Asker: 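Can you read through this structure? Questions will come right after.
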Amino acid sequence: MPGKREDVISWDEFFMRAAVAASLRSKDPNTQVGACIADTNNRILSVGYNGTPSALNDDDFPWGTADDPLHDKHNYVIHAEANAILNYRGSLKDMAGATVYVTLFPCHECAKTLVQAGIGEVVYLDDKYCGTEDNLISKNILDRCGVTYRQVSLDA
Ligand SMILES: O=c1[nH]c(=O)n([C@H]2C[C@H](O)[C@@H](COP(=O)(O)O)O2)cc1CO
Ligand SMILES: [Zn+2]
């Protein structure tokens, strides 16, 4: 009888690759972010990426930054983490203690939202805004709310 296949990818790699796949749908020319929420039983609850509200045509959108807030993408885009939570059709109770896999460390607004959704852990790939004010606030929120975070890499 043949033995089972052993060299399968880990749960971390599986969920992070799902987050990366979601990020590939992002129309943001500068930063594409994906998020995948996995529950404590290793089931994917939801995925999301950064994009415009669904009623807003993303072809007809200022995908840049501007001095005028009316024309700055940051004021319109829904972040990947928020979309992953909003895309979930089940009960938020299912998110208790769940892990969010994100391709970029969450901003402080997402950190608050993840806490409030009951997320227990953040696993991230990139932290390119590390040390910025927003990033420090985000880490302060997660620390004070007892949400752990750790970085992983997808390199072999
Ligand atoms: O937590 C996050 N989640 C998320 O989806 N984003 C998105 C919002 C923007 O579309 C993009 C950031 O754009 P930029 O790097 O050009 O400032 O990434 C950004 C962050 C954190 O910066
Ligand atoms: Zn965010």
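Atoms within each ligand, like the ligands themselves, are counted from 1 in listed order. On a predicted model such as this, the values are computed, not experimentally measured, just so you know.
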Asker: Please report the interatomic distance CD1(Ile44) to CH2(Trp11), rounded to the nearest 0.5 Å.
Answerer: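 These two atoms lie 8.5 Å from each other.
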Asker: Can you tell if the side chain of Ile85 reaches within under 4.5 Å of the side chain of Leu114, non-hydrogen atoms only?
Answerer: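 Yes. Closest side-chain heavy atoms under 4.5 Å.
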Asker: What part of Glu81, side chain from CB on, backbone N/CA/C/O, both or neither, has a heavy atom under 4.0 Å from ligand 1?
Answerer: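 Side chain only.
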Asker: What's the shortest distance from atom 17 (O) of ligand 1 to any protein heavy atom, and which residue and atom give it?
Answerer: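 Sorting protein heavy atoms by distance from atom 17 (O) of ligand 1 puts His74 NE2, 2.7 Å first.
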Asker: Kindly confirm whether the Zn ion (ligand 2) is within less than 2.8 Å of some N/O/S atom in Cys110?
Answerer: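 For Cys110, the answer is yes, given that an N, O or S atom comes within less than 2.8 Å of the Zn ion (ligand 2).
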Asker: Considering only non-hydrogen protein atoms, determine which one is nearest to atom 15 (O) of ligand 1 and report residue, atom name and distance to 0.1 Å.
Answerer: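 Residue, atom and distance for the closest contact: Tyr129 OH, 2.3 Å.
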Asker: Starting from atom 4 (C) of ligand 1, find the nearest protein heavy-atom neighbour and note its residue, name and distance.
Answerer: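 The closest heavy atom on the protein side is His79 CG, 3.4 Å.
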Asker: Students should be able to answer this: which protein heavy-atom is nearest to atom 7 (C) of ligand 1, and at what distance?
Answerer: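 Nearest neighbour among protein heavy atoms for atom 7 (C) of ligand 1, to 0.1 Å: Asn50 ND2, 3.5 Å.
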Asker: Is Thr113 close to His79 at the side-chain level, that is, under 4.5 Å between some pair of heavy atoms?
Answerer: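 Counting from C-beta outward, His79 and Thr113 never come under 4.5 Å.
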Asker: Taking atom types as modelled, is there a side-chain donor on Ser23 or Gln32 under 3.5 Å from an acceptor on the other?
Answerer: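 Note: Ser23 and Gln32 side chains miss the donor-acceptor criterion.
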Asker: Among Thr103, Asp28, Thr31, which one puts a heavy atom closest to atom 9 (C) of ligand 1?
Answerer: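 Considering heavy atoms of Thr103, Asp28, Thr31, the nearest to atom 9 (C) of ligand 1 sits in Asp28.
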Asker: Report yes if Val33 has an N/O atom closer than 3.5 Å to an N/O atom of ligand 1; otherwise report no.
Answerer: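 The answer is no, given that Val33 and ligand 1 share no N or O pair closer than 3.5 Å.
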Asker: Check whether any heavy atom of Gln32 sits under 4.0 Å from an atom of ligand 1.
Answerer: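 So Gln32 does not count as touching ligand 1.
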Asker: Does Lys73 have a non-hydrogen atom less than 4.0 Å from ligand 1?
Answerer: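 Right, Lys73 reaches ligand 1.
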Asker: Under 4.0 Å, heavy-atom basis, I'd like to know which part of Tyr49 is in contact with ligand 1: side chain, backbone, both or neither.
Answerer: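 Neither part.
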Asker: How about Met16 and Leu125: do any of their side-chain heavy atoms sit closer than 4.5 Å?
Answerer: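 Yes. Closest side-chain heavy atoms under 4.5 Å.
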Asker: Do any nitrogen or oxygen atoms of Ile78 come within less than 3.5 Å of a nitrogen or oxygen of ligand 1?
Answerer: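 Between Ile78 and ligand 1, no N or O pair is found under 3.5 Å apart.
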